[in-house]
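Since the structure comes first, as structure tokens, the remarks are kept for the end.
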Amino acid sequence: MRYYVCTLFPDMIHQIMGTSILGRAEKNGYISVNTVNIRDFSRKNSMRVDDYPYGGGAGMVMEPEPVYQAVQAALQRAEADRRAEASRRAADGRSAGAEQRAELDRRAAEPAQTEESREEKSTPSGRRTRVIYLTPQAKVLDQTLVEELAREEELVLLCGHYEGIDERVLQETVTDYVSIGDYVLTGGELGAAVLMDAVSRFVPGVLHNDESSQFESMQDNLLEYPHFTRPEEWHGRKVPPVLLTGDHGKIEEWRYQQAVARTQERRPDLLKNSFTLHTFWYGPQAAEEYAVCLHGRISRYGEIQNYNRNKLIRSRHVLGDQELLLFVEGAGADGDVPFEERFRNLYGTGKTLAWICSGGSLTEKKMAFLADRGFRLLGSSRYSGTETAEQVDLLALDIRKKALHLAGR
Ligand code: 6GU
């Protein structure tokens with residue numbers, strides 16, 4: 001991940017980003033932190049970049065031209081770095097597969113973008129570089145947006161000061177407006193640092209295995225369960241006995257209950273965005289593997305059930321409003337038990353969300369059947385079993401985003 005921060009205080013950014021885990025990540029090349037000093041683009045002898053607001057009122061406003069020049073400089077550096085990275089990868093790939101090599105060579109060989117064509121042109125991955133303005137007048141950063149931003153190769157961050165920035169340059173350059181909370185700071189730098197910290201945690205290589213939890217409660221819109229380490233008793237307080245049993249099923253269940261109870265108590269507003277995930281799979285072993293993998297990327301809790309089993313088929317299942325059914329059907333899995341028969345005891349409430357993944361054919365009939373049974377179909381996808389971890393991740397993020405959206409939250 002490459003960051004380009006347009007700011008009046010580059011030292012502040014480098015100070016924060018040069019410390020601890022982020023400093024290590026930069027040293028090891030997993031992230032790069034670049035700054036553009038907006039003051040370098042002042043046209044005044046005083047080097048000032050602010051002026052009085054039209055219409056009067058308190059405070060100063062940052063002028064459009066120096067901000068525009070700074071953002072353009074950031075975008076140009078981003079483009080140069082992207083090219084350098086592509087040729088480096090192409091060089092590295094000479095010994096790798098020919099297909100990959102051809103793709104990378106193609107990217108590296110793309111003609112340089114002129115400044116005039118930038119607006120229409122996008123990055124080699126087909127997207128425009130995101131230019132994020134840090135401001136309290138925006139949607140508050142959350143974990144879903146953090147994960148989405150972490151999928152970018154580069155981000156340009158614009159930090160304002162004084163009362164704000166002339167609206168016209170924002171209209172012309174900014175793609176995203178982000179706040180870090182409902183309070184006002186003296187400038188955008190701390191917001192930019194917060195965003196970069198949260199995003200960098202999702203960049204592969206930044207966290208070591210012992211620093212990252214595979215999937216965090218926050219991604220489930222739940223707070224973390226409480227943690228304990230040695231000694232077993234401290235100041236007369238004992239570690240909850242369940243944690244000493246070694247029974248992983250029980251421990252996971254306890255942690256889930258703790259996470260929900262804690263969220264209820266401290267952040268009840270989060271609970272309405274939380275879903276309990278139930279994954280039902282049937283068909284061959286490959287379906288189970290895919291189900292386990294996808295489930296684990298959508299939620300750290302919930303259950304995975306084998307619907308090949310007659311016992312399950314016979315017992316009644318009703319999923320509620322805040323439950324999400326992930327339905328994974330293996331290739332050629334219709335076999336001996338017809339679909340309608342297999343799910344004759346499965347019901348939703350009418351609001352229960354469902355997503356169908358199929359290794360074979362996704363028929364209208366199956367979708368209609370689920371809709372009839374009280375499920376709201378979020379969407380569907382196909383899988384081949386040859387998906388990369390990144391593709392599964394992307395699908396998981398999409399399902400979570402759609403679930404929040406469809407539930408109207
Ligand atoms: Cl990102 N910037 C400023 N100046 N104030 C804020 C903020 C950002 N987020 C919350 N308050």
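FYI, the numbering just counts along the sequence from 1. All ligand and atom numbering here is 1-based and tracks the order in the structure.
Which parts of ligand 1 touch L134 is read off a 4.0 Å heavy-atom cut-off, strictly below it: atoms 1 (Cl), 2 (N). Numbered from 1 in the order shown, with element, the atoms of ligand 1 that lie under 4.0 Å from a heavy atom of G187 read 2 (N), 3 (C), 4 (N). Below 4.0 Å from some heavy atom of V178 lie the following atoms of ligand 1, by number and element: 1 (Cl). Using a 4.0 Å cut-off to heavy atoms of G181, the atoms of ligand 1 that qualify are 9 (N), 10 (C), 11 (N).
Nearest to atom 3 (C) of ligand 1 among the protein's heavy atoms is P136 CD, 3.4 Å. Among all non-hydrogen protein atoms, the one lying nearest atom 11 (N) of ligand 1 is Y183 O, 2.5 Å. Closest protein heavy atom to atom 5 (N) of ligand 1: L185 N, 3.1 Å.
The aromatic ring centroids of F327 and F339 lie less than 6.0 Å from each other. The ring of F375 has its center no closer than 6.0 angstrom to the ring center of F343.
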Show the numbers, then the answer: is there a salt bridge (charged side-chain N to carboxylate O under 4.0 Å, His left out) between D81 and R2? CA-CA 9 Å; D81 292 346; R2 296 182 293 276; 5.0 Å; no
Residues R168, E172; criterion salt bridge (charged side-chain N to carboxylate O under 4.0 Å, His left out); working and verdict: CA-CA 6 Å; R168 294 164 295 181; E172 205 157 307; over 6 Å; no
Give the intermediate values and the outcome of side-chain hydrogen bond (donor to acceptor under 3.5 Å, both in side chains) for residues Q285 and E288. CA-CA 5 Å; Q285 199 65 32; E288 177 174 25; 2.9 Å; yes
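Only backbone heavy atoms of T135 (N, CA, C or O) come within less than 4.0 Å of ligand 1; its side chain stays farther off.
Between the T352 side chain and the L319 main chain, a donor and an acceptor come within less than 3.5 Å of each other.
Geometrically, ligand 1 and I180 share a nitrogen or oxygen pair separated by less than 3.5 Å.
In this structure, Y3 OH and I31 CD1 are separated by 5.5 Å, a value rounded to the nearest 0.5 Å.
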